[in-house]
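Structure record follows, encoded as structure tokens.
Here the structure is a predicted model, which means the values were calculated and not measured. Just the heavy atoms: all of them, side chains too, but no hydrogens, waters or symmetry mates, feed the values below.
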Amino acid sequence: MKHLSQYFDRESQVILMQAVLEVVSLAPLFTPTMPRTGKPFSVRMTNCGSLGWVSDKTAGYRYQAAHPETGEAWPAIPQILLELWSKMSGYPGPPEACLINVYGPDAKMGLHRDEDENDFSAPVISVSLGDTARFRIGGPKRKDPTRSLDLVSGDVLLLDGESRLAYHGIDRIKPGTSDLPRGILDEAARINLTLRRVTLP
Ligand code: SIN
Ligand code: FE2
């Protein structure tokens, strides 16, 4: 795993936040639900890119080309994120999905692996905006030991090599730790952007 502390400076974080607001205005946030149980996630989500990650009770975790509520194609991935991917990924093709997770002050994300993609040779690259989060990462098995670290606004995390399929999650948000303007998402404590390649080139 590579943790690039404060990779994006304040000016770039503002540009990223504006790009998120534009995506959300075209592809509204939705609340995904767990496969089978239908239990709602505590984060809200949307996506940009040719494919977006969604989940619901009946069809489970998947990627699809259309927003689950509006039926519209997802907006394009912002240029600043395409540039991040081409600089950092070492992968001979663009990302297809950018999942946008919006955490309220009490939201969490349970330990999981990103394993709905067909090409694990591509890394997962994520960007943190807004309040600091306590991130936990372990190994390829759920029972492997874990360690945790803070992800701060502007940080970039690269999961590649052995860490690509490591279990990870968000234990908690530290509300009020960032003054980055969130615009109409002012109820949002933290925003995470996750770039992924889904299909083989
Ligand atoms: C995720 O694993 O999908 C999100 C991780 C994060 O919010 O940093
Ligand atoms: Fe993940």
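Using a distance-only test at 3.5 Å, with no hydrogens or angles considered, no donor-acceptor pair links the side chain of Arg196 to the main chain of Pro95. In this structure, the side chain of Asp131 engages the main chain of Gly176 through a donor-acceptor pair within 3.5 Å. For Arg172 (side chain) and Lys174 (main-chain N/O), no donor-acceptor pair under 3.5 Å exists by modelled atom type. Listed for the Trp85 side chain is a donor-acceptor partner under 3.5 Å among the backbone atoms of Gly93. At least one donor-acceptor pair closer than 3.5 Å links the side chain of His112 to the backbone N or O of His168.
Side-chain contact check for Leu151 versus Asn192: every heavy-atom pair is 4.5 Å or farther apart.
Annotation for Glu115: atom CD counts as buried by contact number, over 12 foreign heavy atoms lying within 6.0 Å.
Among residues at least two apart or in separate chains, side chain to side chain donor-acceptor pair (under 3.5 Å) pairs with a member in residues 3-18 are His3-Asp155, Gln6-Asp155, Asp9-Ser12, Arg10-Asp179, Gln13-Ser153. Among pairs with a residue in residues 24-51, those fulfilling side chain to side chain donor-acceptor pair (under 3.5 Å) read Arg44-Glu187, at least two apart in sequence or across chains.
By the 30° and 60° cut-offs, the orientation of the rings of Trp53 relative to Tyr61 is tilted. Between His67 and Phe30, the ring-plane angle classifies as perpendicular under the 30° and 60° cut-offs.
Salt-bridge annotation for Glu117 and Arg164: present, with a side-chain N of the basic residue lying under 4.0 Å from a carboxylate O of the acidic one. Between Asp119 and Arg197 there is no salt bridge, since none of the side-chain N atoms of the basic residue sits less than 4.0 Å from a carboxylate O of the acidic one. Residues Asp150 and Arg134 are paired through a salt bridge, judged by an N-O separation under 4.0 Å between the basic side chain and the carboxylate.
In the hydrophobic clustering, Phe120 connects to Leu165, either directly or through intervening members, whenever side-chain heavy atoms lie under 4.5 Å apart.
Annotation for Pro175 and Pro105: closest pair CG-CB, 3.8 Å, computed over non-hydrogen atoms.
With rounding to the nearest 0.5 Å, the separation of CG in Asp160 from OG in Ser121 is 10.5 Å.
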Does the pair Arg190 and Ser128 meet the rule for a side-chain hydrogen bond (donor to acceptor under 3.5 Å, both in side chains), with working shown?
-> CA-CA 7 Å; Arg190 173 173 183 264; Ser128 294; 2.8 Å; yes
